[in-house]
Amino acid sequence: MSIKVSNITKEYGLQKALDDVSFEVQSGNVVGFLGPNGAGKSTMMKIITGFIPQSAGMVEVNGITIDNQETDIRKDIGYLPENNPLYTDLYVKEYLTFVANIYHLGKSTNKRVGELIELTGIGNEQNKKIGSLSKGYRQRVGLAQALIHNPSVLILDEPTSGLDPNQIVEIRKLIKDIGREKTVLLSTHIMQEVEAICQKIIIIHKGKIVADGSTQEIIAQTSVKGLSVLVEFIEPVNQEVLKRIKDISEITMLGKNTWLLSSKTQKDIRPEIFRFAVEHGLTIITMQQKGQQLEEIFQSLTNQN
Ligand code: ADP
Ligand code: MG
């Protein structure tokens with residue numbers, strides 16, 4: 001177990017930002033911490049990293065209790081805070097060396113800084129001032145500083161916020177690569193983000209956990225609707241004939257020979273559609289599982305007051 005959060009409550013004056021929150025993150029997983037703005041994501045992450053104290057409850061990282069007086073455990077945690085605060089007057093390499101010194105990397109400092117510059121793809125930027133970098137490159141510097149001491153646990157608070165679509169794709173890829181070797185908890189309010197990079201999702205709303213599990217489990221638990229598949233055949237098909245596909249509950253025509261087929265079960269219906277096509281001598285030229293549901297589930301879980 002990498003991160004164990006037990007009954008954490010955080011009060012800011014009269015407001016409860018976190019209310020009896022418990023969850024676990026297993027080693028080697030990339031877990032999405034999802035919730036609308038103000039849900040309590042950053043507060044939870046600051047408590048996990050020991051930056052602020054909780055009002056009640058306990059957090060353990062790799063079996064060690066987090067206490068905001070205790071700095072030793074931070075050696076095993078990398079943290080990219082919200083809005084990625086960086087020293088804009090420092091040069092990239094100079095800044096990473098500075099961070100490496102905080103962690104007492106000693107003789108290995110230069111080598112490690114070089115490795116991180118390479119890993120995060122900021123070789124051409126290393127001698128520039130942080131203040132002159134684009135947001136995407138600053139985010140890479142933020143990831144490099146979070147990783148410099150080779151922690152086993154990474155806490156990333158909205159790592160793609162404010163980036164343009166190309167930068168988002170690049171940073172997600174980088175996080176996915178990093179996630180192969182580390183435990184990553186990343187917060188986001190973007191559903192597609194967790195679908196793109198996370199194996200597990202924890203959804204928080206108004207300081208309370210409202211869902212926790214794999215994408216499939218959450219869909220099964222909440223079950224707003226079954227799965228839908230968009231299919232395009234070369235040949236025209238009669239709607240009545242499509243009804244013969246096993247487990248199909250709803251058929252919508254989207255265009256010429258293009259259909260949206262929905263199932264009330266949580267099962268992947270694509271194999272059935274494929275079998276149906278073969279049996280009826282139809283040629284499938286597009287088949288796409290629709291990623292809508294998780295978005296709908298997120299909205300249904302976080303919209304009610
Ligand atoms: P998220 O990161 O999910 O957007 P936050 O953890 O930042 O949410 O905030 C959760 C709630 O706690 C919000 O209502 C926010 O206004 C409140 N909050 C956060 N930090 C403070 C603070 N330092 N003082 C008072 N209230 C705060
Ligand atoms: Mg936040």
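Just so you know, these numbers come straight off a predicted model, no measurement behind them. Just so you know, ligand 1 is whichever comes first in the structure, and atom 1 is the first atom listed for that ligand.
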Numbered atoms and elements of ligand 1 in range of [X], under 4.0 angstrom, heavy atoms:
X: Ala17; result: 11 (C), 12 (O)
X: Asn37; result: 4 (O)
X: Ser42; result: 1 (P), 2 (O), 6 (O), 7 (O)

- Hphob cluster co-occupancy, Ile269 + Val241, side-chain heavy atoms under 4.5 angstrom: yes
- Message: Is there a path of hydrophobic side-chain contacts, each under 4.5 Å between heavy atoms, that joins Leu301 and Ile190?
- Response: no
- Task: Could you check atom 6 (O) of ligand 1 against the protein and tell me its nearest heavy-atom contact, residue, atom and distance included?
- Result: Thr43 OG1, 2.5 Å
- Starting from atom 16 (O) of ligand 1, which protein heavy atom do you reach first, and at what distance in Å? Gln15 OE1, 4.4 Å
- Calculate, to the nearest 0.5 Å, the distance between atoms CD1 and CD1 belonging to Ile148 and Ile102 respectively. 10.0 Å
- Classify the contact between Pro36 and ligand 1 as side chain, backbone, both or neither, using a heavy-atom distance cut-off of under 4.0 Å. backbone
- For ligand 1, is there an N or O atom under 3.5 Å from any N or O atom of Ala39? yes
- Query: Can Arg275 and Glu279 be counted as an ion pair, charged N to O under 4.0 angstrom?
  - Reply: no
- Got a salt bridge between Lys46 and Glu82, using NZ or NE/NH1/NH2 to carboxylate O under 4.0 Å? no
- Does any pair with a residue in residues 104-148 pass ring-ring contact (aromatic ring centres under 6.0 Å, His included), and if so which ones, sequence neighbours excluded? none
- Task: For Tyr103, check ring-ring contact (aromatic ring centres under 6.0 Å, His included) against everything at least two apart and list the hits.
- Result: His149
- With sequence neighbours excluded, tell me which residues meet ring-ring contact (aromatic ring centres under 6.0 Å, His included) with Phe276. His280
- How about the Mg ion (ligand 2), which protein N, O or S atoms come within less than 2.8 Å? Ser42 OG, Glu82 OE2
